[in-house]
Structures are given as structure tokens and as C-alpha cells.
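Read the structure below first, then the notes.
Position 1 is the first residue of the sequence, and the numbers go up from there.
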Amino acid sequence: VQLQASGGGFVQAGESLRLSCAASGSIFRADIMGWFRQAPGKKRELVAAITRSGATTYTGSLRGRFTISRDNAKNTLYLQMNSLRPEDTAVYYCNADPNCFDADYDDICPWGQGTLVTVSS
């Protein structure tokens with residue numbers, strides 16, 4: 001299954017964006033799906049993940065501002081981002097390969113082009 005992230009853009013601090021990750025096939029059996037981001041000059045990091053049962057996890061202080069969800073019927077993963085801050089500026093990627101949640105596999109995982117989010121102060 002190939003994934004394509006979209007929905008990024010240029011926004012002002014405090015505004016919101018919703019990212020989408022469209023899958024080329026069914027995501028119903030995907031045990032885990034996640035959003036990652038890579039800011040300029042920094043390593044890629046996990047933003048949020050959601051399991052097949054709907055359990056969610058978020059990195060650091062993102063809980064409360066970001067919400068991950070999945071629509072199995074539409075084969076789409078979402079990331080609702082509210083109260084955006086300049087430090088949220090990054091390229092955002094989605095992935096459903098469990099190995100890619102291990103940073104040791106980052107260089108060999110397929111990440112696609114991602115979608116750029118730029119937050120201006």
C-alpha cells in the first residue's frame with residue numbers, strides 16, 4: 001500500500017490545518033499508522049500514531065493541539081493540527097510500516113514526498 005500525504009501549506013501562528021494521507025489500498029488491517037515530521041536540520045520524529053483499534057499516542061506536548069484519526073472506509077489517515085506554532089514548521093509524512101516507527105530504520109523506509117507545513121509568526 002502506498003501512502004500520499006497532502007494538505008500542508010503556509011499559515012499564521014494560531015491557525016489550523018488538516019493533513020490527509022491517502023492510501024492506494026485498504027488500511028483496514030494496518031496495525032499502526034502514524035504521522036512523522038522533519039524540521040530543517042533535524043531528524044525525523046514521530047508526531048502521532050493510531051492503532052487498528054483506534055488507540056492513539058502523541059509525542060510530547062502535541063497532545064491537545066494535534067489529533068490523529070483514520071477513516072478505514074476512505075482509506076485515509078488524518079492529522080488535525082490546531083494552534084499551530086512556528087516550531088511546527090516541517091515536512092510531514094505518513095507511514096504504516098511498523099518498522100518505520102523505529103528510528104534505526106529511518107534511512108531505509110519509504111517516506112514519499114511528504115507535505116510541507118510552514119507556520120509564520
Completion exercise
By side-chain hydrogen bond (donor to acceptor under 3.5 Å, both in side chains), R63 pairs with (sequence neighbours left out) none
Exercise for the section: Find the distance between OG (S61) and CZ (R85) and round it off to the nearest 0.5 Å. Expected result: 5.5 Å
Handout entry: Side chain to side chain, T59 and V47, heavy atoms closer than 4.5 Å
Key = no
Exercise for the section: Would you kindly say whether N82 and S16 are connected by a side-chain donor-acceptor distance under 3.5 Å? Expected result: yes
Practice task
Sequence neighbours left out, what passes salt bridge (Lys or Arg N to Asp or Glu O under 4.0 Å) with D107? Give chain and number order.
Solution key: none
Handout entry: Separation of L79 CG from S20 OG (nearest 0.5 Å)
Key = 9.5 Å
Completion exercise
In short, V1 meets A23 closest at the heavy-atom pair CG1-CB, 3.6 Å
Handout entry: Which residues share a side-chain hydrogen bond (donor to acceptor under 3.5 Å, both in side chains) with S53, sequence neighbours left out
Key = T51
Problem - Same apolar cluster (I L V M F W Y, side chains within < 4.5 Å links), W111/I32 - result: yes
Handout entry: CD/Q2: more than 12 non-hydrogen atoms of other groups inside 6.0 Å
Key = no
Handout entry: Nearest atoms (heavy-atom pairs only) where S69 meets L77
Key = O-CD1, 3.3 Å
Problem - Remaining members of the apolar cluster that contains Y105, side-chain heavy atoms under 4.5 Å - result: I108
Problem - L17-L3 co-clustered via ILVMFWY side chain contacts under 4.5 Å - result: yes
Practice task
May I ask you to check whether over 12 heavy atoms, not counting those of Q113, lie within 6.0 Å of atom CD?
Solution key: no
Exercise for the section: Indicate, with yes or no, if W35 and Y93 share a hydrophobic cluster defined by side-chain heavy-atom contacts under 4.5 Å among Ile, Leu, Val, Met, Phe, Trp and Tyr. Expected result: no
Exercise for the section: Evaluate the side-chain proximity of R29 to R52: yes if any heavy-atom separation is below 4.5 Å, no if none is. Expected result: yes
Problem - SG-CG distance between C100 and N95, expressed to the nearest 0.5 angstrom - result: 4.0 Å
Practice task
Check whether L46 and L19 end up in the same hydrophobic cluster, where Ile, Leu, Val, Met, Phe, Trp and Tyr are linked by side-chain heavy atoms less than 4.5 Å apart.
Solution key: no
Exercise for the section: State the CD-NZ distance between E87 and K42, to the nearest 0.5 angstrom. Expected result: 8.5 Å
Problem - Flag, side chain of D71 to backbone of T76, donor-acceptor distance under 3.5 Å - result: no
Problem - Atom pair SG/CZ of C94 and R70 - distance to nearest 0.5 Å - result: 12.0 Å
Practice task
For F101, check ring pair (Phe, Tyr, Trp, His ring centres under 6.0 Å) against everything at least two apart and list the hits.
Solution key: F36
Problem - R44 side chain vs A103 backbone, donor-acceptor pair below 3.5 Å - result: no
Problem - Pairwise distance OG(S121) to CG(L84) - rounded to 0.5 angstrom - result: 13.0 Å
Handout entry: With Y92 via side-chain hydrogen bond (donor to acceptor under 3.5 Å, both in side chains) - residues at least two apart
Key = R37
Exercise for the section: Work out which heavy atom in M33 is nearest to a heavy atom in I68; give both atom names and the distance. Expected result: O-CD1, 4.0 Å
Exercise for the section: State whether the side chain of T89 and the backbone N or O of V119 hold a donor-acceptor pair below 3.5 Å, judged by distance alone. Expected result: yes
Problem - Check: T118 side chain, F10 main-chain N or O, donor-acceptor pair, under 3.5 Å - result: no
